[in-house]
Number of protein chains: 2
Amino acid sequence: MTATPRLHTQQDLRRANLAAVLYAVVDGGPASRARVADRIGLTRTAVSTLVDDLLAAGLLAEAGLGHSGSPGRPGTVLALSDQGPCGLGAAIGVDHLAVCAVDLRGRVRARAAVDAVNRRSRPEPVLERLAGLIDDVTGQLTEAGLRPAGLCVAVPGQVVRDGTRVVQAPNLGWRDVDLAGRLPSGGGPLKVDNEANLGALAELWIGDPVCRTGDVLHVSAEIGIGSAILTDGLLLRGNRGFAGELGHVPVRRRGHACGCGGRGCLEQYAGEEAVLRAIGLDPVRAVADHPGPGGRVGYLAGRAEAGDPDVLRALRGAGTDLGIALTAAANLLDPHVLVLGGALADLAPWLLPAVEAELGRRMGTAPPLVVSRLGADGPLLGAAHAVTRAVLDDPLRTAQPTG
Amino acid sequence: MTATPRLHTQQDLRRANLAAVLYAVVDGGPASRARVADRIGLTRTAVSTLVDDLLAAGLLAEAGLGHSGSPGRPGTVLALSDQGPCGLGAAIGVDHLAVCAVDLRGRVRARAAVDAVNRRSRPEPVLERLAGLIDDVTGQLTEAGLRPAGLCVAVPGQVVRDGTRVVQAPNLGWRDVDLAGRLPSGGGPLKVDNEANLGALAELWIGDPVCRTGDVLHVSAEIGIGSAILTDGLLLRGNRGFAGELGHVPVRRRGHACGCGGRGCLEQYAGEEAVLRAIGLDPVRAVADHPGPGGRVGYLAGRAEAGDPDVLRALRGAGTDLGIALTAAANLLDPHVLVLGGALADLAPWLLPAVEAELGRRMGTAPPLVVSRLGADGPLLGAAHAVTRAVLDDPLRTAQPTG
DNA sequence: CTAATTTGTAAATAGCCCTGACGAAATGCT
DNA sequence: AGCATTTCGTCAGGGCTATTTACAAATTAG
């Protein structure tokens, strides 16, 4: 439900073609003007003028002459600038805070992270600590002569569609938190998005190439189980921006009551707490016993690695229920691929067989199931890249001449 | 997973603006050039030249002067031509064949239909009879001085994404049937699509206005239970074009075996056959006993109307299971509205309460549930309108001067 | 060293929309 | 009725965008 942006004026055309040039370089790698022209179907002349603008804006850079061994004059290779604007990404996790900056080439140029106990914490101190990290990263950037073009924050919760307010983040205990103006976004715009969404976008942009060839359902779990649906390279956000709530897909007709008000939700059987309970641990105590990013997940992975039968059985059970929910999703969406991301990626060796078995049993030809390449880093990287992608989408809006 | 059409040239811009003018009239009703200019954000001058082209192409027509009572020279009202190209729509149902033609204004200008027993029938005789109906309708059109701009066929089964081949239509017993060249499409292109998809599009284009304001999940059932997902006014088709298979969402962990190979699929509990079995009827015999379009559904509706407790209980049960599957879908998609279409619309009075009860029990705030305004006619109308919409999307491609 | 090939740019051209201005046709006030 | 006001549609001129055509520069192949 996004209003399709109408193409009316010649400026819109110009903007679209500027973006097309940049994406030709993003998707196909550095290339000469002539090669870019072939890729996007414009003439060399047109590409030349577009490139002139992009060079002046500091988004592209000439990187010497390329010679391919074939006859003809070699072209001057165009690459994305590594001196241009950077994207600031931040992640608010239940037990950590992280910030990073990526340049237009997608390289991480600065980062900072701390362990933190954000569970059931008030927003103010969390945002204050996060602001400190952001200032830290911004400092590193300006030292290197780079400038931030905006900030995007990944949160484990529901976010309104326009991306300024957290509606609900149960595991942080936040409700209706407006972030506008409360974090130093480096002059650019500030956006908030769900970590599952950003993890999926990261996988699309810089992860497994299979995600670029069709619709994707990207599952990710921290404590809750979320997912994101990518269609045609775009997120399906739904009416309120809450699409992808895989954790509340019913997998038992009459099952445990869930915090959402329902019964038999997947989260009650495959969520982190459910797995901890299944091996006889008190979830609340486990959080205290195994803090830090990947604390409980690392603990579970360790015991699974050691062959602990209780943990293996619990993960098999979780995988089976996840398989049921994914059957529902795959029937509804017919995705090209299913991706396990977030904390699930670290437990994939023990979850995957059960998930695949259940999918195979229930669907004639189930979509392939792959493990995220980015894992727990996905949301953070996705947030940073969301900023740089916004620059690429509208190159001259945020650009400024090279110094 | 549709390649986004890139906007490169000024011709593309022109095409987009021609379409914008037409859609301004479609969505906002007949209006003067100046009014259209206001609606789409172009200048009166630009709109004038666009309208000139559209008048010459026979897509728009001037309909006299409009006077609103306000000062100023009255504008000449522009309306879609009712002499222009028409869309031919056809529907292949399990027990009927239907064809209709709609003009650009959306009015049905010709139609033909017959009862037929297509269940488990070979494609050849069915296509032959359908071709006869199409010729009949085309004849009516040419008598009225109209010309068909293409043909779209609705089938109860899975269709490849490019819309030329039926992969599988279980209730017809068809597998891998290529329709290209086997039906008289009146010179224009021939397309095939799933009836659930076309029913949903019909609802979007000419049905309940709530479908136009956000993402929609449109459920429709003939014998199988299908659905279509509309995002941003576009169908979500999925990787192979099989998205929307609501009928195979699991609603029982260990349930009846289903033809799809799975267990506990919704279709086994809420499909037409399941309901017939639940009231003690043999589905195969019931088909023979109650033929024709709406045969079994009409029979069930009649008994429900009369207060038959068995039927009411069976429909309540089906509604409950449908509610479970819709909970899954609503959590994944966060749709703006859920629509019950197809044959379900006729049983809505008895299904709806159970569906709503289950949704309400499982979701804090469930999306509103509405009944399709078009019902069983949806797919046929959607098919016809798919053709006219294609004309509106690229006005000068298929156009020809007024005679 | 020459021919062939490819690259990048320049000049001229065509298409599209915008600005500004104008006559035409209605309303509303005197 | 007469006049000012408002709105509509069109015309002329101009700016922007991409294309066509042409050409100099730089490389490979023989």
Side-chain angles (χ1 to χ4, degrees), chain A residues 6-21 24-25 28 30-57 60-79 394-396, chain B residues 6-21 24-25 28 30-57 60-79 394-396:
Chain A
R6 280 270 176 71
L7 252 294
H8 285 314
T9 70
Q10 303 180 99
Q11 283 76 18
D12 295 329
L13 187 62
R14 184 73 170 174
R15 191 179 332 156
N17 283 338
L18 286 165
V21 168
V25 176
S32 68
R33 290 168 175 80
R35 200 63 58 92
V36 169
D38 287 343
R39 286 184 190 160
I40 64 177
L42 289 176
T43 58
R44 292 195 313 258
T45 313
V47 170
S48 263
T49 70
L50 292 163
V51 167
D52 286 345
D53 286 358
L54 294 170
L55 289 172
L60 280 182
E62 295 192 326
L65 270 60
H67 68 298
S68 55
S70 56
R73 167 180 166 181
T76 55
V77 175
L78 301 166
D394 190 357
L396 299 190
Chain B
R6 280 271 174 72
L7 252 294
H8 285 314
T9 70
Q10 301 184 345
Q11 284 74 19
D12 295 329
L13 188 62
R14 184 72 171 175
R15 192 179 330 155
N17 283 337
L18 286 166
V21 168
V25 176
S32 67
R33 291 166 173 81
R35 202 62 60 92
V36 169
D38 288 343
R39 286 185 190 161
I40 64 177
L42 290 174
T43 59
R44 282 177 317 190
T45 312
V47 169
S48 263
T49 71
L50 292 164
V51 166
D52 286 346
D53 287 357
L54 295 170
L55 288 172
L60 280 182
E62 295 192 325
L65 271 59
H67 69 299
S68 54
S70 55
R73 168 180 166 181
T76 56
V77 174
L78 302 166
D394 190 357
L396 299 190

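Both backbone and side-chain heavy atoms feed into the values below; hydrogens, waters and symmetry mates do not. Lettering follows sequence order; numbering is per chain, from 1.
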Contact nearer the 5' end of DNA chain C, comparing A:Gln10 with A:Val77
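Closest to the 5' end, via its nearest nucleotide, is A:Val77.
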Is it true that a side-chain atom of B:His8 and a backbone atom of A:Leu42 form a donor plus acceptor pair closer than 3.5 Å?
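Flag not set: sc B:His8 to bb A:Leu42 has no pair under 3.5 Å.
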Any side-chain donor paired with an acceptor under 3.5 Å for B:Thr49 and B:Asp52?
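No, no side-chain donor-acceptor contact under 3.5 Å.
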N/O (side chain, B:Thr43) to phosphate O (OP1/OP2, C:dC18) under 4.0 Å
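For C:dC18, OP1 or OP2 has a side-chain N or O of B:Thr43 closer than 4.0 Å.
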Quick one: is A:Asn17 getting a side-chain N or O under 4.0 Å of the D:dT17 phosphate, OP1 or OP2?
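Looking at the OP1 and OP2 atoms of D:dT17, neither is under 4.0 Å from any side-chain N or O of A:Asn17.
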If you fit an axis to the five pairs at each end of the helix from C:dC1-D:dG30 to C:dT30-D:dA1, how big is the angle between those two axes, to 10 degrees?
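Here the helix ends are tilted 0° relative to one another.
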Value rounded to 0.5 Å, distance of CG in B:Leu18 from CG in B:Leu50:
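The CG atom of B:Leu50 is 5.0 Å from CG of B:Leu18, to the nearest 0.5 Å.
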Spacing of B:Ser32 atom OG and B:Asp38 atom CG [to the nearest 0.5 Å]:
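B:Ser32 OG to B:Asp38 CG: 8.0 Å, rounded to 0.5 Å.
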Using atom NE2 of B:His8 as one end and atom P of D:dC16 as the other, report the distance to the nearest whole Å.
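Whole-Å distance recorded here is 23 Å.
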Atom-pair distance (CD on A:Gln11; C1' on C:dC17), nearest Å:
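Computing the A:Gln11:CD to C:dC17:C1' distance gives 9 Å.
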Side chain to side chain donor-acceptor pair (under 3.5 Å) against B:Asp53, all qualifying residues, sequence neighbours excluded
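Partners of B:Asp53 under the side chain to side chain donor-acceptor pair (under 3.5 Å) test: B:Arg14.
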What is the minimum heavy-atom distance between B:Val36 and B:Ala24, and which atoms define it?
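Of all heavy-atom pairs spanning B:Val36 and B:Ala24, the closest is CG1-CB, 4.1 Å.
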Assess whether salt bridge (Lys or Arg N to Asp or Glu O under 4.0 Å) is satisfied between B:Asp12 and B:Arg15, documenting all intermediate values.
CA-CA 5 Å; B:Asp12 295 329; B:Arg15 192 179 330 155; 2.9 Å; yes
Taking only N/O atoms, report every protein-nucleotides 6-8 of chain D pair under 3.5 Å with atom names and distance.
residue, atom, partner, partner atom, Å
D:dT6, O2, B:Gly72, N, 3.2
D:dT7, O2, B:Arg73, N, 2.9
D:dC8, O4', B:Arg73, O, 3.2
D:dC8, O2, B:Arg73, NH1, 2.8

